[in-house]
Amino acid sequence: MADNVAMVTFEELRSASLWAESLETAALDRAMRETVVREVNPGESVCRVGEAVEYWNGVIDGLVKINKISVEGKSITFTGVPRGGWWGEGSLIKREARRYDVTALRKSRVAYMPRATFEWLIDNSIPFNKFLIKQLNERLGQFIAAIEHERLLDPDARVARAIASLFNPILYPGAGPEVQISQEEIGYLSGSSRQRANQALQLLEKAGLLRLEYGSIRVLDLEGLQRYGTV
DNA sequence: GCATTAACACGTA
DNA sequence: TACGTGTTAATGC
């Protein structure tokens with residue numbers, strides 16, 4: 001980890017995690033003492049493929065993407081992670097090297113919980129384990145759905161679902177109705193070109209499901225985005 | 001036909 | 001200035 005680190009505050013943890021509020025007092029105290037927060041700038045790498053995984057990470061504020069670059073240099077985004085999202089427990093538990101890149105999409109504050117703290121929580125906190133099961137279950141559902149969307153839905157619906165997935169209330173609690181993301185990144189997220197994503201976004205705006213703003217998207221009808229293309 | 005890439009003008013942070 | 005957006009033309013499956 002690099003510089004620009006600070007201790008995480010109680011308020012930050014409470015507002016950007018579903019697990020902190022259910023934790024026992026002693027467990028939360030320990031988690032807070034040992035977790036630090038680092039500022040990252042847009043485009044800056046947070047994690048890289050192949051490196052050793054020694055932290056559990058969370059987005060306190062901002063937006064990062066989990067992606068990978070193919071051998072031909074093509075980038076695909078598996079998911080965007082806004083405020084309240086935590087990742088890396090899979091590789092931490094399996095003790096494997098990092099499988100994906102993580103890159104900041106805008107100025108973000110990322111939490112780092114050391115492996116030892118994470119493992120202590122698993123060994124000592126039932127609420128923390130319940131949270132982990134819930135998160136893993138939810139993510140499995142999200143990725144199964146992503147495959148379904150990729151194979152069955154047209155580009156407009158894929159863009160709608162990709163945006164909706166950023167607003168999963170279990171994975172990303174406390175997110176507002178607006179997400180600061182470029183249309184190019186929506187393209188990476190939905191598996192389409194920027195131009196095609198732009199076409200889909202304008203269609204969704206005309207349908208009253210969202211509003212396009214410079215460098216960001218405001219969601220007006222999340223349910224509509226979630227079910228777009230199925231009725 | 002439909003999506004992709006490339007290229008361009010224009011507006012905004 | 002660098003980046004994001006909207007649009008069009010050429011190209012490919």
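Worth knowing before you read on, the calculation uses all heavy atoms, side chains too, and leaves out hydrogens, waters and symmetry mates. Throughout, protein chains are lettered first and strands after them, A, B, ... in sequence-line order, and every chain is numbered starting at 1.
- Heavy atoms of other residues, nucleotides or ligands lying less than 6.0 angstrom from CZ of Arg98(A) number more than 12.
- Summarising the local packing, CD of Glu223(A) is surrounded by 12 or fewer heavy atoms from other residues, nucleotides or ligands at distances under 6.0 Å.
- Following rounding to the nearest Å, Gln199(A) (CD) and dT8(C) (C1') show an atom-to-atom distance of 13 Å.
- When the P atom of dG4(C) is taken as reference, atom CD1 of Ile217(A) falls 13 Å away, rounded to whole Å.
- Atom CG of Asp156(A) is separated from atom CZ of Arg161(A) by 12.0 Å, given to the nearest 0.5 angstrom.
- Regarding contacts with the backbone of dT4(B), every side-chain N or O of Arg196(A) stays at 4.0 angstrom or more from both OP1 and OP2.
- For Ser192(A), counting side-chain heavy atoms from C-beta on, the closest listed nucleotide (dG6(C), dT12(B), dT4(B)) is dT4(B).
- Regarding Leu212(A), its CG atom lies at a distance of 15 Å from the C1' atom of dT12(B), rounded to whole Å.
- Between the CD atom of Glu184(A) and the C1' atom of dT4(B) there is a distance of 14 Å, rounded to whole Å.
- If you take CD of Gln180(A) and C1' of dT5(C), they are 16 Å apart, rounded to a whole angstrom.
- Among Arg38(A), Lys107(A), Arg83(A), the single residue meeting the salt bridge (charged side-chain N to carboxylate O under 4.0 Å, His left out) criterion with Asp61(A) is Arg83(A).
- For Asn198(A), no side-chain nitrogen or oxygen approaches OP1 or OP2 of dT5(C) to under 4.0 Å.
- Side-chain proximity of Ser193(A) to the nucleotides dT5(B), dT7(C), dT12(B) is greatest for dT5(B).
- Taking atom CG of residue Leu201(A) and atom C1' of nucleotide dT7(C), one finds them 15 Å apart after rounding to whole Å.
- Checked by distance alone, Gln195(A) brings a side-chain donor or acceptor within 3.5 Å of a matching partner on the base of dA6(B).
- Of all nucleotides listed (dA3(B), dG6(C), dA13(B)), dA3(B) comes nearest to the side chain of Pro155(A).
- If you measure from atom CD1 of Ile186(A) to atom P of dG6(C), you get 12 Å, rounded to the nearest angstrom.
- In this structure, Arg115(A) fails the cation-pi test against Trp56(A), since its NZ or CZ atom is not both closer than 6.0 Å to the six-membered ring centre and inside 45 degrees of the ring normal.
- dG1(B) atom P lies 18 Å from atom CG of Asp154(A), rounded to whole Å.
- Nearest-nucleotide mapping onto DNA chain B: of Arg194(A) and Arg158(A), the residue sitting toward the 5' end is Arg158(A).
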